[in-house]
Amino acid sequence: MTNVSLVWNILTYQQESKTTMNWVPTLKMIIVLSTCFFFISVNSMMLFVLRSKPCFRETPRYILFAHMLLNDSIHLLISMLLFALALMYLYLVRAVCAVLVLLSSTNFYNTPLNLAVMALERYIAICFPLRHSEMATPQRTGVAIAVVWVLGSVNHLIDVFVPLITEPSILLTPVYCKYEQILMFKWQADAFQGFTAFYFVCVGLILVFTYVAIMLEARSVSSDKASVTKARNTVLLHTIQLCLCLTSFLYGVIEALLARMVDVSVFIHLRYMNFIVLLILPRCLSPLIYGLRDESLKTIFKYYFTCGSKKVKPVRKF
């Protein structure tokens, strides 16, 4: 967590450099905006593809994938908005800032939680194939998504309601919008770190368990080497996705370390790189990797992405 003096030093440095280095924040904003808009467009195209066929709309794993696309797109939009406000040195009323931070932080946690649900769905499909259609229905998938949102928002709802109950007037004060600005007590920061560690461990354990179970099941029921290879590739893919998602949890830790180790002028630029590498890129690449690996989805996506210039192969039945 960055303290008040560090925040003040950053703001002072930004104000001093505002007139002498206008091209630097402009370049940073162009890079962030262009990257976010491109991947939001790709996510939107994938969502359109998923809505275009009943087989996608009624299949739990595609419903979960669509939720991941929508969730990460919202996260990118809010991150882009907060980044633009920071570069333009604009303040927000604390209440508005709290709502934006609440939504952004909830989306932040939803992705790994959604990935855990996707892993459980694949575990049921492979280890309990006869009960998969009964256990993994679109309705139950919707309930699972609702649970993901509840778990992802519970900690941050507490942070929003604490000032509302203890000191409502503070919500009307203008602030430089970031997560630390809505915290009033030290225990809130400790609770944030506790929830982060808890989610990290739980999601990691779920993924390890499901992937090991899938691998063992693939080896025991099939002598086909192609099936085993496909299972290994699936494990590798989800491991990469997990790593991309969990790198975001390192953002606050690395930022705090940089704040103590380097000068403020250097910290500003390193903080930007930290923001791009750990918060933006993982949210961009994870859905793209998962979506383009699926043959049925990839074929139709290419058709729409190229404006119908490529032929579409028949979609396989699930």
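Values below: every heavy atom of this structure, side chains too, minus hydrogens, waters and symmetry copies.
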Chemist: Return the CG to CG distance between L76 and N71, rounded to the nearest 0.5 Å.
Modeler: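 Nearest 0.5 Å value for the CG-CG distance: 9.5 Å.
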Chemist: Out of L77, I78, L82, which residue meets the side chain to side chain contact (heavy atoms under 4.5 Å, CB included) rule with M80?
Modeler: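 The residue from L77, I78, L82 that satisfies side chain to side chain contact (heavy atoms under 4.5 Å, CB included) with M80 turns out to be L77.
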Chemist: Could you measure the distance from the CE atom of M68 to the CG atom of N110? Nearest 0.5 Å is fine.
Modeler: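 Result: 12.0 Å between the selected atoms.
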Chemist: Answer yes or no: is there a donor N or O on one side and an acceptor on the other, between the side chain of T137 and the main chain of E134, under 3.5 Å?
Modeler: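 Here the side-chain-to-backbone pair does not exist.
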Chemist: Using only atom types and a distance under 3.5 Å, with no angle test, would you say the side chain of N107 pairs donor to acceptor with the backbone of D72?
Modeler: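 Checking the backbone N and O of D72 against the side chain of N107, no donor-acceptor pair under 3.5 Å is found.
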Chemist: So, taking the atom named CG in L151 and the one named CZ in F195, what distance separates them when rounded to the nearest 0.5 Å?
Modeler: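 Between atom CG of L151 and atom CZ of F195 there are 9.5 Å.
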Chemist: Is L85 reachable from I31 through a run of hydrophobic residues whose side-chain heavy atoms are each under 4.5 Å from the next?
Modeler: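 Yes: a chain of side-chain contacts under 4.5 Å links I31 to L85.
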Chemist: In terms of hydrophobic clustering (I, L, V, M, F, W, Y; side-chain heavy atoms under 4.5 Å; direct or indirect links), are V154 and L113 co-clustered?
Modeler: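 In one cluster: yes.
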Chemist: So which atom in G152 and which in Y199 form the shortest heavy-atom distance, rounded to 0.1 Å?
Modeler: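 So the minimum-distance heavy-atom pair works out to N-OH, 4.2 Å.
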Chemist: If you count every heavy atom of other residues, nucleotides or ligands that lies below 6.0 Å from R57 atom CZ, does the total exceed 12?
Modeler: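 More than 12 heavy atoms, drawn from other residues, nucleotides or ligands, come within 6.0 Å of this atom.
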Chemist: Looking only at heavy atoms, what is the nearest atom pair of R61 and E121, with distance?
Modeler: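 Looks like CB-OE1, 3.4 Å.
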Chemist: Kindly indicate whether the side chain of I74, heavy atoms from C-beta on, has any atom under 4.5 Å from the side chain of L103.
Modeler: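 In short, these two side chains touch, coming nearer than 4.5 Å.
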Chemist: With clusters defined by side-chain heavy atoms of hydrophobic residues (ILVMFWY) lying less than 4.5 Å apart, directly or transitively, does Y109 cluster with V150?
Modeler: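 Different clusters.
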Chemist: Rounded at 0.5 Å granularity, tell me how far CE in M118 sits from OG1 in T111.
Modeler: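 Reported to 0.5 Å precision, the distance equals 10.5 Å.
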Chemist: So which heavy atom on C177 is nearest to which on V101, and how close?
Modeler: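 Looking at all heavy atoms of both residues, the shortest contact is SG-CG2, 4.2 Å.
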Chemist: For the atom pair OG1 (T35) and CD1 (I30), what is the distance rounded to the nearest 0.5 Å?
Modeler: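 CD1 of I30 is found 11.0 Å from OG1 of T35.
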Chemist: Which residues satisfy the side-chain contact (heavy atoms from CB on, under 4.5 Å) test with A144, sequence neighbours excluded?
Modeler: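 Scan of A144 (side-chain contact (heavy atoms from CB on, under 4.5 Å), adjacent residues dropped) gives V117.
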Chemist: How many angstroms lie between atom CG of L102 and atom OG1 of T106, to the nearest 0.5 angstrom?
Modeler: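 L102 CG to T106 OG1: 4.5 Å, rounded to 0.5 Å.
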Chemist: Is there a donor-acceptor contact under 3.5 Å from the side chain of S104 to the main chain of L100?
Modeler: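 Judged by distance alone, no pair lies under 3.5 Å.
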Chemist: Quick one: list whatever passes side-chain contact (heavy atoms from CB on, under 4.5 Å) with S133, sequence neighbours left out.
Modeler: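 Testing S133 for side-chain contact (heavy atoms from CB on, under 4.5 Å), a comparison that skips the adjacent residues, returns none.
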Chemist: In this structure, would I206 and V212 fall into the same cluster of hydrophobic residues linked by side-chain contacts under 4.5 Å?
Modeler: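 No, no single cluster joins them.
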Chemist: Show me, pair by pair, the donor-acceptor contacts under 3.5 angstrom made by side chains of residues 36-45, not counting sequence neighbours?
Modeler:
residue: S41; atom: OG; partner: F37; partner atom: O; Å: 2.7
residue: N43; atom: ND2; partner: S73; partner atom: OG; Å: 3.2
residue: S44; atom: OG; partner: I40; partner atom: O; Å: 2.8

Chemist: Strictly under 6.0 Å, is that where the ring centroids of Y123 and F209 end up?
Modeler: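 Yes, ring centres under 6.0 Å apart.
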Chemist: When you group the ILVMFWY residues by side-chain heavy-atom contacts below 4.5 Å and let the links chain together, are F198 and L120 in the same group?
Modeler: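 No; tracing contacts between hydrophobic side chains, which count when under 4.5 Å, never links both residues.
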Chemist: Would you call the rings of H75 and F108 parallel, tilted or perpendicular, taking 30° and 60° as the class edges?
Modeler: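 H75 vs F108 ring planes: tilted.
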Chemist: What closest approach, in Å, do L50 and F65 show between heavy atoms, and which atom pair accounts for it?
Modeler: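 Shortest heavy-atom separation between L50 and F65 comes out as CD1-CD2, 3.7 Å.
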Chemist: I need the minimum non-hydrogen distance between V203 and P112, along with the two atoms involved.
Modeler: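 Shortest heavy-atom separation between V203 and P112 comes out as CG1-O, 3.6 Å.
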Chemist: Where is the tightest heavy-atom contact between N114 and L64, given as atom of each residue plus distance?
Modeler: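 Closest approach of N114 to L64, heavy atoms only: ND2-O, 3.1 Å.
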